[in-house]
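Quick notes on the structure that follows.
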Amino acid sequence: MQLLEERIRRDGVVREGNVLKVDSFLNHQLDITLLAEMGKEFERLFHNCGINKILTIEASGIGVACITAQYFGCPVVFAKKSKTSNLAPDVWTARVHSFTHGNDSDIFVSRQYLTDRDKVLIIDDFLANGEALRGLISLCEQAGAQVVGAGICIEKAFQPGGEQIRSMGCRVESLARIKSMSPDGIEFC
Ligand code: 5GP
């Protein structure tokens with residue numbers, strides 16, 4: 001998506017450890033006009049798939065998931081992160097390693113909000129090693145929900161998550177795919 005690529009080139013900051021900071025429009029301050037264009041694009045890609053629920057993970061997926069849900073007319077469920085492993089019995093849960101924080105956390109969704117009646121579009125801001133996405137897919141599998149696909153804002157295609165998850169048979173659509181990045185510049189696929 002050209003608009004997003006241009007914005008990443010203009011405002012993205014490449015940090016050490018293969019981290020791209022996009023705080024000015026996606027991860028801290030939210031550019032709602034841009035998010036709406038991304039939401040429309042996800043709707044164009046997945047519009048005839050019968051999606052009745054969008055699933056994301058707190059915190060940075062929530063904004064774009066909510067804007068996208070307006071175009072699908074469906075609710076958003078976000079997986080919560082738990083600091084303790086003392087989870088309630090009525091949740092689906094998975095352990096996820098955080099790329100940016102370097103720690104593990106248990107993520108969970110109430111069984112009430114993810115069921116075998118759901119056709120799910122997973123939305124997230126970044127795809128790197130695929131940990132977050134695999135965790136969200138696992139929650140859907142536990143619930144018996146159908147994963148229609150995943151809509152990712154920024155995929156760092158030089159990291160293995162996208163390829164691994166596509167090879168599992170999951171449809172992954174990324175609006176911007178980064179081939180390589182360094183403080184000198186960003187190259188898209
Ligand atoms: P993965 O689980 O695929 O390794 O990483 C995806 C998750 O880590 C996303 O939910 C995102 O919050 C975070 N993440 C991964 N790479 C980056 C990055 O380069 N920049 C930012 N801001 N977040 C990232």
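Whatever order the structure lists ligands and atoms in, that order sets their numbers, starting from 1. These numbers come from the heavy atoms of this one structure, side chains and all, not from hydrogens, waters or symmetry mates.
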**Item:** A132 N/O under 3.5 Å from ligand 1 N/O
**Value:** yes
**Asked** With distance as the sole criterion, is a donor-acceptor pair present between the side chains of Q142 and S138 under 3.5 Å?
**Response** yes
**Prompt:** Counting each atom of ligand 1 from 1 as listed, which ones have a heavy atom of N18 under 4.0 Å away?
**Reply:** 19 (O)
**Prompt:** If every non-hydrogen atom of C170 is compared with every non-hydrogen atom of V147, which pair is closest and at what distance?
**Reply:** SG-CG1, 4.2 Å
**Message:** Below 4.0 Å, non-hydrogen atoms only: which portion of Q159 touches ligand 1? Side chain, backbone, both or neither.
**Reply:** neither
**ligand 1-proximal atoms of I154, by part, heavy-atom distance under 4.0 Å** = neither
**Message:** As an exercise, identify every atom of ligand 1 less than 4.0 angstrom from a heavy atom of L20.
**Reply:** 18 (C), 19 (O), 20 (N), 21 (C), 22 (N)
**Fill in**
Within 4.0 Å of some non-hydrogen atom of E131, the atoms of ligand 1 are 1 (P), 2 (O), 3 (O), 4 (O)
**Message:** Only heavy atoms of V19, strictly under 4.0 Å: list the atoms of ligand 1 that pass.
**Reply:** 19 (O), 20 (N)
**Request:** Could you tell me whether ligand 1 has any atom less than 4.0 Å away from a heavy atom of L133?
**Result:** no
**Fill in**
Honestly, for S60 the part within reach of ligand 1 (heavy atoms, under 4.0 Å) is side chain
**Message:** Would R171 and F46 count as a cation-pi pair here, with the cationic atom under 6.0 angstrom from the ring centre and within 45° of the axis?
**Reply:** yes
**Asked** Distance-only, no hydrogens or angles: does the T93 side chain make a donor-acceptor pair with backbone N or O of F108 under 3.5 Å?
**Response** no
**Prompt:** In terms of hydrophobic clustering (I, L, V, M, F, W, Y; side-chain heavy atoms under 4.5 Å; direct or indirect links), are I154 and L30 co-clustered?
**Reply:** yes
**Request:** Check the pair I107 / L136 against side-chain contact (heavy atoms from CB on, under 4.5 Å), numbers first and verdict last.
**Result:** CA-CA 8 Å; I107 63 167; L136 293 170; 4.2 Å; yes
**Any K156 heavy atom less than 4.0 Å to ligand 1** = yes
**Request:** For the pair D118 and V77, evaluate side-chain contact (heavy atoms from CB on, under 4.5 Å) and give the outcome as yes or no after the intermediate values.
**Result:** CA-CA 11 Å; D118 289 325; V77 175; over 6 Å; no
**Message:** If the contact criterion is a heavy-atom separation under 4.0 Å, does V22 count as touching ligand 1?
**Reply:** no
**Fill in**
The answer for which part of D124 has a heavy atom under 4.0 Å from ligand 1 is side chain
**Asked** Could you walk me through whether Q112 and D90 pass the side-chain contact (heavy atoms from CB on, under 4.5 Å) check?
**Response** CA-CA 8 Å; Q112 203 182 338; D90 56 347; over 6 Å; no
